[in-house]
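Before any comments, here is the structure.
The figures that follow rest on heavy atoms only: side chains count, while hydrogens, waters and symmetry mates do not. Numbers restart at 1 for each chain; the letters A, B, ... are given by sequence-line order, proteins then strands.
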There are 2 protein chains.
Amino acid sequence: MNTETKTAATPDTRTRIVRAASLLMQRQGYDGTGIKQIAQEAQATLGSVYHFFPGGKQELAVAAIHHGDQEFYDVLREALEREEDTARAIADLCDELADGLHASQWVDGCPITTTSLGTAGRAPDIQTAAAQAFARWRGLVRDRLRASGMSEGDAHDLAHTVISTMEGAELAAQVAQSKEPLRIAGKHLARLIALHQ
Amino acid sequence: MNTETKTAATPDTRTRIVRAASLLMQRQGYDGTGIKQIAQEAQATLGSVYHFFPGGKQELAVAAIHHGDQEFYDVLREALEREEDTARAIADLCDELADGLHASQWVDGCPITTTSLGTAGRAPDIQTAAAQAFARWRGLVRDRLRASGMSEGDAHDLAHTVISTMEGAELAAQVAQSKEPLRIAGKHLARLIALHQ
DNA sequence: ACACCACTGGAACGAACGCTCTATCCGATA
DNA sequence: TATCGGATAGAGCGTTCGTTCCAGTGGTGT
């Protein structure tokens with residue numbers, strides 16, 4: 001029954017596999033990550049991987065994307081709940097992302113972009129999972145903006161730009177190995193939100 | 001001497017190899033693209049590839065990134081020269097990018113992100129080339145904003161956000177297979193620029 | 001006529017890839 | 001205690017990877 005839940009010392013084998021796949025594909029992309037490497041990192045064996053993911057590497061990648069999706073969904077939700085002023089919440093989140101990126105020595109960017117980009121025209125399941133993730137994140141921002149009184153249209157459009165810009169700034173920060181793109185993006189997004197409410 | 005220049009029917013072998021590498025890595029990433037595939041696509045042989053790029057796949061990837069860098073540099077420069085109002089120039093460029101992305105059936109996004117992301121912590125030469133590209137593009141926008149009378153600080157910051165947001169919106173558009181993220185980003189960037197000048 | 005050399009062509013190498021397969025383990029149920 | 005199926009373990013399959021190596025080929029300078 002259990003597929004993690006408790007804060008247990010050593011999680012499910014399946015959970016360990018998904019976590020390892022998510023982390024490694026986030027860093028190295030789909031083609032750059034081998035199934036054997038995932039198994040080793042997860043302290044599981046090849047047999048276990050194919051037992052839980054009979055669909056092979058693609059099915060595992062989809063699970064990894066869903067994992068990364070939920071991971072950032074929680075971060076985003078907490079950031080929006082923590083601070084009443086949405087503009088400031090987004091700016092603070094950008095700084096938080098910059099700190100996390102720096103702490104990982106600029107390797108752990110968005111948990112799904114690398115996997116998604118590298119499989120663009122050839123793995124529909126992975127693309128669908130990535131599109132769902134982006135839509136969920138946008139929905140979170142849109143609902144928060146709506147709740148603070150913004151019009152439907154403005155909230156919809158701003159949610160798009162907030163996610164797009166955060167995504168692009170994280171990418172730019174990673175490439176430049178600098179917090180500056182994310183810092184500036186946070187400032188400008190806050191300004192843009194304040195302009196509409 | 002000549003490494004292309006003329007509008008010749010069939011370009012240099014070296015040029016054909018770089019173009020093929022750039023296009024394939026843009027679509028499939030570094031690890032997803034094989035040297036043999038590049039050679040085939042370029043109508044060259046393995047011997048030729050290693051003749052021109054004795055540094056192997058990494059040296060070829062660096063050349064591919066420089067190629068993609070220059071490619072977008074020209075597009076960006078023309079877009080900024082074509083339209084006097086910088087805000088409108090950026091918005092128009094976003095629409096142009098959306099059309100190009102759609103025309104490629106959502107596979108040809110930014111020519112360097114996929115390659116750069118997939119090699120994040122392990123190929124310094126590639127990272128440096130990608131960082132240079134981003135910096136050159138930002139420089140183009142910053143100079144244009146400065147020329148239209150914007151303050152040094154505002155121009156610097158806005159150039160960052162313009163590139164970050166365009167990058168992120170292109171990514172979002174690719175994943176969602178929709179022009180909407182780029183359209184909205186263009187609108188918001190124009191608004192943000194107008195706000196500062 | 002010859003020598004030279006940038007360039008082309010492709011066979012071959014060891015390593016790593018995704019995946020299949022069978023054997024074994026082990027806790028729950030009868 | 002006997003049985004059974006989910007889970008684990010890893011050898012081995014065919015294929016492809018990046019790279020090396022060397023034998024040609026064709027045009028240029030002498």
Per nearest nucleotide of DNA chain D, the residue lying toward the 5' end, Gly47(B) or Thr33(B), is Thr33(B)
To the nearest angstrom, the CD-P distance between Gln43(B) and dT8(C) comes to 13 Å
*asked:* Can you tell me if Thr13(A) touches the phosphate of dT8(D), counting only side-chain N or O atoms and a distance under 4.0 Å to OP1 or OP2?
replied: yes
The nucleotide from dC7(C), dG9(C), dG18(C) with an atom nearest the side chain of Thr45(B) is dG9(C)
Per atom distances to the Ile35(B) side chain, the nearest of dT19(D), dG10(C), dC7(C) is dT19(D)
Taken to the nearest whole Å, CG/Leu24(A) to P/dA16(C) is 16 Å
Here the distance between atom P of dC7(C) and atom CZ of Phe53(B), to the nearest Å, is 12 Å
Whole-Å distance, Lys36(B) NZ to dA11(C) C1', equals 10 Å
* To do: Please confirm whether His188(A) and His196(B) have ring centers closer than 6.0 angstrom.
  => yes
Picking from dT19(D), dG6(D), dC19(C), the nucleotide nearest the side-chain atoms of Tyr50(A) would be dC19(C)
- Find out whether Thr115(A) and Gln26(A) are in side-chain contact, i.e. whether some heavy atom of one side chain is under 4.5 Å from a heavy atom of the other. no
Taken to the nearest whole Å, CD1/Ile17(B) to C1'/dG9(C) is 13 Å
dA7(D), OP1 or OP2 - any side-chain N/O from Ser48(A) closer than 4.0 Å? no
The residue among Arg191(B), Arg183(B), Lys187(B) that forms salt bridge (Lys or Arg N to Asp or Glu O under 4.0 Å) with Asp157(A) is Lys187(B)
Leu60(A) CG to dG18(C) P, in whole Å, measures 10 Å
Quick one, Asp154(A) with Arg142(A), criterion salt bridge (charged side-chain N to carboxylate O under 4.0 Å, His left out). Give me CA distance, side-chain angles, the key distance, then yes/no. CA-CA 9 Å; Asp154(A) 283 353; Arg142(A) 189 202 54 219; over 6 Å; no
| message | If you compare every side-chain N and O of His51(B) against the phosphate oxygens of dC7(C) (OP1, OP2), does one of them come in below 4.0 Å? | response | yes
Looking at Arg146(B) and Asp143(B), is there a salt bridge between them, counting it only when a charged N and a carboxylate O are closer than 4.0 Å?
no
Between its two end axes (five pairs each) the helix from dC2(C)-dG29(D) to dA30(C)-dT1(D) turns, nearest 10 degrees, through 10°
Do the side chains of Glu96(B) and Arg82(B) get close enough for a salt bridge, i.e. N-O under 4.0 angstrom? yes
Check your understanding: Do Thr15(B) side-chain atoms and Pro11(B) backbone N/O form a donor-acceptor pair below 3.5 Å?
Key -> no
With the side chain defined as heavy atoms from C-beta on, Leu46(B) is closest, among dC7(C), dG10(C), dG10(D), to dG10(C)
Taken to the nearest whole Å, CZ/Arg16(B) to C1'/dC7(C) is 12 Å
Which of dC7(C), dG12(D), dG18(D) is nearest the side chain of Lys57(B)? It is dG18(D)
Separation of dT15(D) atom P from Gln37(B) atom CD, nearest Å, is 19 Å
